[in-house]
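Accompanying notes for the structure given below.
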2 protein chains.
Amino acid sequence: MEKGKSHVSLKDLAREIGVSISTVSRALNNHPDISLAMTLKIQKLAAERNYTPNPLAMGLLKQATRMIGVIVPDLVTHFYSSIISGIEQVAEEKGYYILIASSSESLQKEISSVENLLKTRVEGLIVCLSQETQSYAHFDRLIRNNIPLVFFDRVCRTGEVPSVVVDNMDAARKITRHFYKNGFRRIAYIAGPDHLNISQERTRGYLSGLESCGLDFDPELLVKCNMSSEGATEATSHLLQLPKRPDAIFGINDTVAFAAMKEIKRHGLRIPEEVALVGFTDEFHSTVVDPALTSITHPTFEIGKEAARLFFNRIENPDAKPVQVVLNTKLVVRKSSVK
Amino acid sequence: MEKGKSHVSLKDLAREIGVSISTVSRALNNHPDISLAMTLKIQKLAAERNYTPNPLAMGLLKQATRMIGVIVPDLVTHFYSSIISGIEQVAEEKGYYILIASSSESLQKEISSVENLLKTRVEGLIVCLSQETQSYAHFDRLIRNNIPLVFFDRVCRTGEVPSVVVDNMDAARKITRHFYKNGFRRIAYIAGPDHLNISQERTRGYLSGLESCGLDFDPELLVKCNMSSEGATEATSHLLQLPKRPDAIFGINDTVAFAAMKEIKRHGLRIPEEVALVGFTDEFHSTVVDPALTSITHPTFEIGKEAARLFFNRIENPDAKPVQVVLNTKLVVRKSSVK
DNA sequence: TTCATCAGCGCAAACCTTTGCGGTAACCTT
DNA sequence: AAGGTTACCGCAAAGGTTTGCGCTGATGAA
């Protein structure tokens with residue numbers, strides 16, 4: 001291999017054999033116009049020289065970069081990294097790469113990520129909305145130009161954009177009823193911002209669960225937080241200091257659940273004897289904490305794979321109607337919610 | 001915006017204004033050859049039409065894709081996702097994107113990831129070796145062609161390739177001495193595969209720590225595992241069933257430490273009264289488990305940022321001598337190791 | 001008036017690939 | 001032997017950008 005030039009081009013091969021570039025190209029693509037002898041000779045040299053087509057040139061020509069942009073609120077939360085892992089697996093099978101950008105839960109960063117990813121000519125985007133996102137104009141351009149777009153978990157525009165979510169309402173209902181069955185009556189819920197679909201849906205499930213158990217809804221027991229550790233800690237502390245404090249809490253996601261657990265312990269209360277706790281989180285974390293956390297486990301890896309599948313459906317069939325895939329969650333009962 | 005064509009090219013602008021493509025290009029680059037009036041007119045139109053240079057074309061021309069390949073053993077471990085986050089931050093500042101591939105701790109996948117990333121014409125690679133990797137021939141091509149390459153954490157060829165690591169020997173020494181100071185005498189170490197630098201270095205630190213405390217090294221107390229949950233569980237179980245079982249264990253990384261914790265509990269032993277435990281892990285996980293885990297915390301985010309900085313040094317100064325950056329760890333003492 | 005100068009712009013090559021079309025032999029047919 | 005096939009290959013354009021060089025018209029000087 002020549003120094004300073006790590007990639008061989010068709011031109012290099014053509015020059016070395018003494019034919020034109022087009023002949024080399026056709027030979028490598030087994031075009032019938034090229035004689036067998038010539039084809040073999042060219043393919044042999046190409047293999048020796050380790051030729052691989054330049055994806056930039058192909059991208060220019062075919063207008064297809066084989067890259068997907070992925071925007072997540074953050075990279076370090078297991079929920080997201082696991083989903084990304086799922087996306088990556090399907091993408092790899094299809095020969096696609098993913099470009100990851102994190103919005104850090106900021107609308108501004110989400111907007112600029114969309115722009116930047118489009119600048120790099122990704123073929124489309126797979127997105128989980130940031131916590132701040134309430135306006136969706138930055139996705140208009142994609143929709144208008146029919147650029148593939150898929151939302152997961154935190155979604156919007158479900159009429160126009162395919163999405164994959166879990167059955168949040170059902171999950172929250174299951175939690176509430178589980179608490180009831182285990183003898184808890186003052187069931188609190190630490191929710192997220194109102195504009196997020198996951199928060200709304202889980203709130204509905206919570207209320208529906210209460211009703212189905214014949215429990216009255218006490219507005220004091222529904223608190224909202226910004227889904228950060230700090231916000232959740234504060235929310236938990238608030239709940240625990242109520243005149244009639246709750247005997248059960250469920251948190252809207254991992255971060256909230258763990259912060260709540262720490263805060264309950266800090267208040268010197270025992271879990272689950274004095275305050276039961278259930279979270280929305282994943283298998284691994286739930287088992288490592290003490291007491292082991294009862295939780296709704298998301299099929300995170302599957303969410304990622306499904307999002308990628310929807311994406312490729314869109315690529316292969318641009319005019320198909322947007323569908324929403326709803327995955328089921330599982331309530332895994334552990335120590336934190338059973339006296 | 002026209003339907004089906006989401007990106008405006010120089011040609012489009014040129015046609016609309018009625019000048020040549022080169023004039024448009026120069027105007028946008030403020031070339032002095034173009035009159036002020038024309039420059040302004042072109043720039044205005046470009047802004048209206050939302051023109052952005054096509055990175056594929058630029059990539060072809062400049063042979064620079066502004067993309068970095070990153071290969072990690074997995075995506076979901078907090079250690080790696082946090083490092084990736086650090087890399088991403090620095091990359092974003094420089095206007096670079098990162099392409100992530102995970103080796104799943106497999107040499108085969110690592111090799112194919114290197115190949116595939118090179119095919120996509122990334123400008124270089126930032127890599128943490130897979131657990132299986134003992135031969136390094138797949139990096140030869142990069143070194144030979146002077147393609148930027150940086151290793152972190154699990155490294156090799158440190159003479160030829162810049163790298164960022166933590167002071168593993170010092171960290172393991174600190175742990176050993178910490179155990180000793182707190183009254184533990186049978187100190188066990190669950191190591192990883194021999195060929196990994198991190199495993200070797202920590203073993204040396206362990207031995208050195210024992211010696212400096214005047215403790216004899218008991219080979220029974222040094223067990224190796226493959227750093228999976230299963231391997232660590234088995235190793236721990238083995239240690240706990242020794243005739244003279246250890247009263248303190250330290251695990252080589254997150255996975256091992258948590259598996260060990262679960263296994264100790266499963267054996268009905270109390271932490272730290274009967275068996276003390278220390279891990280190599282991160283802040284978040286250490287505090288969420290019970291008892292809170294004493295651990296060496298890696299400056300993960302900083303490792304990522306430093307790796308990216310080394311990478312850009314390499315880009316800007318290709319012939320500089322490869323350096324190794326050694327970051328310090330911190331021993332954070334929590335309940336799991338203090339009687 | 002005439003030649004040199006210069007501002008301002010276009011041509012074309014380069015990066016790499018694919019592909020419709022045109023071209024050139026050698027062969028076959030009648 | 002002349003015209004028609006056919007096998008095999010090259011030209012050139014397309015995709016988008018930058019840039020050295022050449023070209024034009026006008027202005028300045030002599």
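Values below: every heavy atom of this structure, side chains too, minus hydrogens, waters and symmetry copies. Within every chain, numbering begins at 1; the chains are lettered A, B, ... in the order of the sequence lines, protein sequences first and strands thereafter.
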Would you kindly say whether [X] and [Y] are connected by a side-chain donor-acceptor distance under 3.5 Å?
X        : Y        : answer
A:Thr23  : A:Ser20  : yes
A:Glu132 : A:Ser106 : no
B:Ser113 : B:Asn116 : no
B:Arg49  : B:Ser9   : no
B:Gln324 : B:Ser163 : yes

Exercise. Going by the ring-ring contact (aromatic ring centres under 6.0 Å, His included) test, which pairs reach into residues 126-156 of chain A, not counting sequence neighbours?
Worked result: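 For residues 126-156 of chain A, and leaving out neighbouring residues, the ring-ring contact (aromatic ring centres under 6.0 Å, His included) pairs sorted by first residue read A:Phe139-A:Phe151.
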
Exercise. Which residue pairs pass the ring-ring contact (aromatic ring centres under 6.0 Å, His included) test with at least one member in residues 83-125 of chain B, sequence neighbours excluded?
Worked result: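 The answer is B:Tyr96-B:Phe312.
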
Exercise. Between the base of C:dC11 and the side chain of B:Ser22, is there any donor-acceptor pair under 3.5 Å?
Worked result: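 Answer yes: a donor N or O sits under 3.5 Å from an acceptor.
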
Exercise. Between the base of D:dC9 and the side chain of A:Asp33, is there any donor-acceptor pair under 3.5 Å?
Worked result: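 Indeed there is one.
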
Starting from [atom2] on [N], measure out to [atom1] on [X] and report it in whole angstrom.
X        : N      : atom1 : atom2 : result
B:Asp12  : D:dG16 : CG    : P     : 7 Å
A:Ile34  : D:dT6  : CD1   : C1'   : 14 Å
B:Leu10  : D:dA14 : CG    : P     : 16 Å
B:Ile21  : C:dC15 : CD1   : P     : 18 Å
B:Lys119 : C:dC16 : NZ    : P     : 18 Å
A:Arg121 : D:dG15 : CZ    : P     : 14 Å
B:Ile17  : C:dG8  : CD1   : C1'   : 15 Å

Problem set entry | Helical bend (five base pairs per end, nearest 10°) for the helix from C:dA4-D:dT27 to C:dT30-D:dA1 |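 The angle separating the two end axes equals 90°.
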
Problem set entry | B:Val164 and its side chain to side chain contact (heavy atoms under 4.5 Å, CB included) partner, picked from B:Val323, B:Val155, B:Val325 |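 With B:Val164 as partner, side chain to side chain contact (heavy atoms under 4.5 Å, CB included) holds for just one option, B:Val325.
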
List the atom of [X], the atom of [Y], and the distance in Å for their closest heavy-atom pair.
X       : Y        : answer
A:Val70 : A:Leu117 : N-CD1, 4.2 Å
A:Ile71 : A:Ser103 : CG2-CB, 4.3 Å
A:Gln43 : A:Asn30  : NE2-OD1, 2.9 Å

For this session: Measure from the side-chain heavy atoms of A:Lys11 and tell me the nearest of C:dC15, D:dG15, D:dG10.
Result: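 Between C:dC15, D:dG15, D:dG10, the one nearest the side chain of A:Lys11 would be C:dC15.
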
Exercise. From D:dT17, C:dG8, D:dT19, pick the nucleotide closest to the side chain of B:Asn54?
Worked result: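 It is D:dT17.
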
Exercise. Counting any heavy atom closer than 4.0 Å, what does B:Ser35 reach on the DNA or RNA strands: base, sugar-phosphate only, or nothing?
Worked result: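 Touches sugar-phosphate only.
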
Exercise. Contacts to DNA chain C from residues 57-69 of chain A, heavy-atom cutoff under 4.0 Å, which residues?
Worked result: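 By residue number: A:Ala57, A:Met58, A:Leu61.
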
Exercise. Quick one, which residues of residues 23-32 of chain A touch DNA chain C with a heavy atom under 4.0 Å?
Worked result: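 Close to the strand are A:Ser25, A:Arg26, A:Asn29.
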
Problem set entry | Pairwise distance NZ(B:Lys44) to CD1(B:Ile17) - rounded to 0.5 angstrom |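 Answer rounded to 0.5 Å: 9.5 Å.
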
For this session: Enumerate the residues from residues 36-46 of chain B whose closest heavy atom to DNA chain D is under 4.0 Å, giving them by residue number; use none for an empty result.
Result: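 Output list: empty, so none.
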
Problem set entry | Close side-chain approach of A:Val8 and A:Asn50, heavy atoms under 4.5 Å |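 Of all side-chain heavy-atom pairs linking A:Asn50 with A:Val8, none is under 4.5 Å.
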
For this session: Please determine which of A:Glu93, A:Glu302, A:Glu316 meets the salt bridge (Lys or Arg N to Asp or Glu O under 4.0 Å) test together with A:Arg309.
Result: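 Between A:Arg309 and the candidates, salt bridge (Lys or Arg N to Asp or Glu O under 4.0 Å) is satisfied uniquely by A:Glu302.
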
